[in-house]
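To start, the structure itself, in structure tokens.
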Amino acid sequence: MSSLAVLHASQLVTLSGPKRPRVGTELSVLEIIHNGGMLIRDGQIERIGSSDEIEKNVGDAESVDAGGRVVMPGFVDAHTHLVFAGNRLDDFERRAGGKTYQQIAKAGGGIWSTVEKTRAASEPDLLTQAKEHANWLLSCGTTTVEAKSGYGLTVEDELKILRVMRQLKEEVRLEIVPTFLGAHAVPRELAPDEYLDIVVTEMLPRVTAEKLAEFCDVFCERGYFDIDQSRKILSAAKEVGLKLRGHVDQLTNSGGAKLMAEMGATTADHLEQTDEQGIEALRKANVQPVLVPGSVYALGSSRYPRAREMIEAGLAVVLATDFNPGSSPTPSMPMVLSLACTQMKMSPAEAITASTLNAAYSLCRGSKVGSLEPGKFANFAIFDCEDYRELAYWFGMPQTHSVYIRGECVTAD
Ligand code: NIG
Ligand code: FE
């Protein structure tokens, strides 16, 4: 049995409490132990408490001195597009020149340009790039990540991406939750309904037969998939046993939040344009909003989702990076915390809860990760600061000291 004792955390941010996502004022309760410690056995947390108390129970456990730093659960990033080839530097430069996401997509950039590069990449090449992305996430303190397909848009290319994710799971220690996003865009070579038919009749059966995904997602947006098309895809996915997430109300308010509520989805993501009716629909159906302010920032927009209203309505808000080459080229959850506090007026404590415990529940991993409590996996990060608020306060500066997954230090994977 391998055991590890973590001692002398200035703040052990535990987030311990009821076994469910946090809502309303609960988002502000972090259950911090000052000068805290933690005992880990076989990758699981056995005990948390004051450093003195843990020290008395160290026995033959190896000790890690946190040295007066913050120790908290590893971030759970509940929305990323982890597997893609290349970058979108040209889009970035065109946006800097004043063009919008939609104009750039029409002019041959956008999702389509990443699809071309991803199709052209071999499986080993894609895996190498995905490993690099996974290491970036780890280096920012993220220990669990949701990863979407969606840059293939043919049966074989979507399966290739999902198989790369499966292989990645074997080769890196970052925990990966796969989502099938075949309906990310309509490929150039097909009419929308023809492609929709392929997603439903060919892709979904293969994805489920090979058990390649836990969730199905769709980009419900003007010029991508409308409400009726999205409903068809999500209904078919539900029928084959996939849980649902959705990119909705990002650029226009098309009633996407209401659709996710109607479908009984696990999450509705983006929501920049969602109004109070959409928020009410999510509340009634118990759908978790996943807010991705990095994409608002990187697209140069100022229309952030209404996080405060969502919290006040009692929604179990989640924060994520939306890491992707186009709209959100950041793997950094601390950057997202900064944006959540400065642009969406969330408090640092709310932002931490939204990016750890609530995010874990949105991936159906709430009983295993997202907080530091006995029985959970010892997935945690040590940050080079004394107060958890520093993570959101200092920005553009790495503060990760070390990262542990199931009790093993993985920072240099
Ligand atoms: O979440 N909105 C759709 N999908 C991504 C962008 C993907 C891309 O531009 O490559 C997003 O913002
Ligand atoms: Fe996304």
Side-chain angles (χ1 to χ4, degrees), residues 13-32 72-73 75-79 146 215 217 220 234 243-250 253-293 296 303-320 322 333 336-337 339-367 369-371 373 388-389 392:
V13 180
T14 69
L15 289 116
S16 59
K19 296 184 191 323
R20 55 168 175 75
R22 304 291 186 259
V23 295
T25 54
E26 295 171 349
L27 276 144
S28 309
V29 182
L30 297 182
E31 296 297 352
I32 292 171
M72 56 169 270
F75 290 116
V76 177
D77 192 343
H79 181 141
E146 184 261 12
F215 290 92
D217 196 332
C220 178
L234 294 172
K243 290 168 285 192
L244 309 179
R245 316 179 87 77
H247 285 69
V248 292
D249 301 342
Q250 178 184 9
N253 181 3
S254 60
K258 282 188 216 152
L259 174 69
M260 299 316 282
E262 172 198 322
M263 296 304 309
T266 307
T267 68
D269 302 37
H270 278 282
L271 306 172
E272 286 86 341
Q273 314 292 332
T274 300
D275 57 17
E276 50 285 359
Q277 285 146 12
I279 293 176
E280 179 57 13
L282 296 177
R283 187 192 65 77
K284 279 198 187 130
N286 212 12
V287 179
Q288 283 191 263
V290 179
L291 310 182
V292 288
V296 182
R303 175 87 179 234
Y304 286 86
R306 304 186 192 183
R308 283 257 58 89
E309 282 171 56
M310 292 179 193
I311 292 171
E312 271 140 38
L315 302 188
V317 169
V318 176
L319 286 169
D322 192 11
M333 203 59 102
V336 169
L337 299 188
L339 291 170
C341 297
T342 60
Q343 308 301 308
M344 305 199 297
K345 305 300 172 203
M346 290 173 70
S347 70
E350 289 172 333
I352 295 271
T353 305
S355 54
T356 54
L357 190 66
N358 278 9
Y361 276 103
S362 85
L363 294 177
C364 306
R365 298 290 194 281
S367 63
V369 298
S371 64
E373 295 178 272
Y388 73 88
R389 292 175 296 182

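Considering only heavy atoms from C-beta on, His270 comes within 4.5 Å of Val292 through its side chain. With a 4.5 Å cut-off on side-chain heavy atoms, Gln343 and Pro293 do not count as touching. Taking 4.5 Å as the limit, some side-chain heavy atom of Ser362 sits within range of a side-chain heavy atom of Arg245. The shortest distance between side-chain heavy atoms of Thr274 and Val248 does not fall below 4.5 Å. The shortest side-chain heavy-atom distance between Val317 and Glu350 does not fall under the 4.5 Å cut-off. Counting heavy atoms from C-beta on, the side chains of Val13 and Thr356 never come closer than 4.5 Å. The closest side-chain heavy-atom distance from Ser254 to Asp249 is below 4.5 Å. The shortest side-chain heavy-atom distance between Val369 and Pro73 does not fall under the 4.5 Å cut-off.
Checking side-chain atoms of Arg22 against main-chain N and O of Arg20 turns up a donor-acceptor pair under 3.5 Å. Looking only at distances, no side-chain donor or acceptor of Glu309 sits under 3.5 Å from a matching main-chain atom of Glu276. Side-chain N or O atoms of Arg303 include one that pairs as donor or acceptor with a backbone N or O of Glu272 at under 3.5 Å.
Glu146 contributes atom CD, which lies 7.5 Å from atom CZ of Phe215 (distance to the nearest 0.5 angstrom). Expressed to the nearest 0.5 Å, how far CG of Leu30 lies from CD1 of Ile352 amounts to 6.5 Å. Note that OG1 of Thr25 and CD1 of Ile311 are 10.5 Å apart. Values are rounded to the nearest 0.5 Å. Separation of atoms CD (Gln277) and CG (Leu282) is listed at 12.0 Å; rounding is to 0.5 Å.
A 6.0 Å sphere centred on CG of Asn286 holds no more than 12 heavy atoms belonging to other residues, nucleotides or ligands.
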Side-chain donor/acceptor pairs under 3.5 Å, residues 256-267, sequence neighbours excluded:
unit_1: Glu262; atom_1: OE1; unit_2: Arg231; atom_2: NH2; d: 3.1
unit_1: Glu262; atom_1: OE2; unit_2: Arg231; atom_2: NE; d: 2.7
unit_1: Thr267; atom_1: OG1; unit_2: Asp269; atom_2: OD1; d: 2.7

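Scanning all heavy atoms of the two residues, the minimum distance from Asp77 to Leu363 falls at O-CD1, 4.4 Å. The two atoms that bring Ala320 and Val290 nearest to each other are CB-CG1, 3.8 Å, heavy atoms only. The shortest heavy-atom contact between Ser371 and Thr14 is CB-O, 3.2 Å. Between Met344 and Tyr304 the shortest heavy-atom distance is CG-CB, 3.8 Å. The two residues Met346 and Leu319 come nearest to each other via the heavy atoms CE-CD1, 4.0 Å. Taking every heavy atom of both residues into account, Arg283 and Leu315 meet most closely at CA-CD2, 3.3 Å.
Among the candidates Val336, Leu271, Asp322, Val296, the single residue satisfying the side-chain contact (heavy atoms from CB on, under 4.5 Å) test with Leu291 is Leu271.
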